[in-house]
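Below: one structure, written as structure tokens.
All values derive from a computational prediction rather than experimental measurement.
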Amino acid sequence: MKAALALLMILGIASAATPRFRDYHTRPGDTGRVISTRLFGDATRWGMIQQYNEDLPDNEDDAIQPGRILRIPHAIAFRRADARITHIARVVESRAREEDAWRRAREGQALQVGGRVSTQAQASAEVTFKDDSMVQMRADSLLIIYGESATRTRNVSRAKLAKGALRSRLGALSGRRLSVEAGGAEAELSSGQAVITTTEDGGSAISQHSGRPAEIKREGQRVQLKPGMGARVRRGKISPPKRLPVAPQWMAATPRQLVAPVETGGTLHGRFERVQGAARYRAEVTLDAEGRMLVTQQEIGADQTLVTIGPLPIGDYYVWIATIDGDGLESPRSQALPLRLLPLRFRAPGETRAATATGETPIPPPQQALIGARMLAPPHTRCGLDPKRLAQTTALSSPGRVEVYCQGDDGALFPRAEVEIVPIEASPSGPVTRGRLNPLTLRIHAPRALPQRLAIRDGAVLRHLTLDAEGGWRLELPVAADAAPRIWRPLVALSPEGVEDRVGRVEFEVIDPPPPPPIPRRPLMEHTGVYDPRLSGVGAPDERGHQAGFGLAPTLGDAPSLRVYLDAAFQLSDASRLHVGLPMGLDEEGLMEGGDGDSARLGLSYSRWQGIAFGVDASMPLTLSGGGGAARIVPRVDLSWQDPAWAARVRQAIWVGQDIGGLFNSVGLIERLLPWGLSVGLEANALLGQNGLSNQTRSLRLGLPISGRGARAGWRLMPSAPLDDPSALTILVQAQLYWGGSSTQP
């Protein structure tokens, strides 16, 4: 007895451990990781699937051939789940019963009782229940999971369609049904397919396509829907069943292959025959021939017979179309129209390989290709921008939106695709100069990535461009002396093999070289025209304009005196100046007459070369009684040097007069210019003549000039004294005004 009981326990355990399976049809792009995530919500369950299926790859990231049927342990797949999301297209959100916030849904996600799934615009989702019953939610739909309930005769998976539409596909397991509440009625569906849609008036439309009859229930009213029949629920009543409209037929001449840019994808085209009594049509695109993996859908007006859906990535698709009548009842889907989008690739300028697809999410058309790119037709196809000139490779040389024409080797024409050819805009940093090698920077702009190697074609020479850290392209461009006011040079992209693709041209404005700058004449260091060996021959900077001065020079010591200076200088030209002066001397006895400094003077200086000036002064003594000094002529040469901080000057003068003569040397021992126009320096003056060297009083003097300079005025202070009699100190105080002048200052 115990042995029999043990045997029954073992058999019972073995029976309980035997799993129930469901079938899974592999899809394009499926890998072990993808399937495990979709079915279990866990990417690491691939090993469990391998246990029940032979000849599967060990690597969970390896691709699996589409269309293969896998045996999936049912209980494990739906452990702790009333349903799962098994396919998603575009934006789908979900919310658990105990949650307030919506979250982005994912494939393989488990759904519990009270869970909600919402599809956004152009989105779709596939929800699979425990019994393999499946619904495809269309765009803008909301589904609520009610879970599974058991009756005396069967188990029923229950859900509510709060809004939108769904297509049901029920498993063939005996005794199992799907109950969907929609628009105030409950549709209990059996095996096969049906479409349930909520309507704007708060009702619903139920279309039973295949399988066992469906039952519509509302407040004690029950209506049976046989396959091919449908009913409306409105204002609390179920209308009598009516026959569904017929499905449209695809026209035989519809092309089955189309071309599209590889990056942006393309548009699917299909033409069908009009159905009598149709209010509108619904077109759907799926990735599989069974119609389960919905990609997108759209509704078409009753007066149209052309389906255009896109953009879609390159690949294989199946297009379905159904008829919808005035009551919102929908026919079964038509036969699938298989369409293939062939890749139209582009080789970018300066590249040797065509671009490849980077993902499944397309960029809105049209695709942009840089001017200079080459369009590569798919295998066994010729394409071009002119239907009369088709080739395997086509150069894109003119900007703008263009239509691409393609034809297969069998002569069949493909629907046209659209491509936008975009130019490369290049602008130089400035004009170029005739007769020079011009270094400049190009700013190059394009809506797509620029080629890595760019150059300017200058006749037979390539001028390569170098990319700097700030994004500019540096270039050295020689320009002929007789170049036109504007020149254009081709901009080319270079492949690693040296193949050139012209991608545009650059316009350069040409200007004449600027005239050579005038030789700057640095102002000489001079004392405006007052020549007085007892004071100084080196003065404040002469700014090459007109100027007038007034000065006082008291002499201290045993024989005090005062000298007054009035002088002026006028600029006659850039090279010549006229000097006039009127000194007056006073001593203890009054006005000094006939002295060495009391002479009205007129002088002229000429400075054509920088740092060198020649001059001549003529002086006539001022007398009150007719006696005194003699007239004299003083030729002189000035040599000067200066930079922004230092200045030095040597003056050589010889004066000749009646019974007099002599040599005067004046040396400025470097003035240093300080801020605010202030300068200080040291001067030495030597005088030989008159009485030879016997008169030592005036033979050698040292001075300390201090001067300041403004925009229109200046001043000078210089104490000086003879070496043999330092007590005979002379202090020169001078003020000057400036105006006019035309020379360019250094």
For [X], I'd like to know if atom [atom1] has over 12 heavy atoms of other residues, nucleotides or ligands within 6.0 Å.
X: Arg443; atom1: CZ; answer: yes
X: Arg103; atom1: CZ; answer: no
X: Glu470; atom1: CD; answer: no

How would you list, by chain and number, every residue that makes a side-chain hydrogen bond (donor to acceptor under 3.5 Å, both in side chains) with [X], sequence neighbours excluded?
X: Arg489; result: Asp458
X: Arg712; result: none
X: Gln136; result: none
X: Arg33; result: Glu60, Asp61

Set of residues satisfying side-chain contact (heavy atoms from CB on, under 4.5 Å) with respect to [X], sequence neighbours excluded:
X: Gln297; value: Ser124, Arg138, Ala139, Arg282, Glu284, Leu294
X: Ala96; value: Glu98, Glu99
X: Pro255; value: Pro415
X: Thr308; value: Thr267, His269, Leu306

Indicate every side-chain donor-acceptor pair of residues 374-387 with a distance under 3.5 Å to a residue at least two apart or in another chain.
{"residue": "Arg374", "atom": "NE", "partner": "Asp501", "partner atom": "OD1", "Å": "3.4"}
{"residue": "Arg374", "atom": "NH2", "partner": "Asp501", "partner atom": "OD1", "Å": "3.3"}
{"residue": "His380", "atom": "ND1", "partner": "Asp409", "partner atom": "OD2", "Å": "3.4"}
{"residue": "Thr381", "atom": "OG1", "partner": "Pro379", "partner atom": "O", "Å": "3.2"}
{"residue": "Arg382", "atom": "NH2", "partner": "Gln407", "partner atom": "OE1", "Å": "3.2"}
{"residue": "Asp386", "atom": "OD1", "partner": "Lys388", "partner atom": "N", "Å": "3.0"}

Give every residue pair that meets the disulfide bond (SG atoms under 2.5 Å apart) criterion with at least one member in residues 459-515, sequence neighbours excluded.
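Every pair satisfying disulfide bond (SG atoms under 2.5 Å apart) with a residue in residues 459-515: there are none.
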
What pairs meet the disulfide bond (SG atoms under 2.5 Å apart) rule with one or both residues in residues 432-467, with sequence neighbours excluded?
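Found none.
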
What heavy-atom pair brings Ser429 and Leu440 nearest, and what distance separates the two atoms?
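That closest heavy-atom pairing would be OG-CB, 3.7 Å.
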
Under 3.5 Å, is there a donor-acceptor pair between the side chain of [X] and the main chain of [Y]?
X: Thr128; Y: Thr86; value: no
X: Arg90; Y: Val295; value: yes
X: Asn438; Y: Thr433; value: yes

Are Tyr317 and Leu341 packed together at the side-chain level, in the sense that at least one heavy-atom pair is separated by less than 4.5 angstrom?
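Yes, side chains in contact.
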
Distance-only side-chain donor-acceptor flag, Glu93 / Ser118, under 3.5 Å
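Side chains of Glu93 and Ser118: no pair found under 3.5 Å.
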
Hey, could you give me each pair passing side-chain hydrogen bond (donor to acceptor under 3.5 Å, both in side chains) that has a residue in residues 502-515? Not counting sequence neighbours.
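Found Arg434-Asp512, Arg486-Glu507.
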
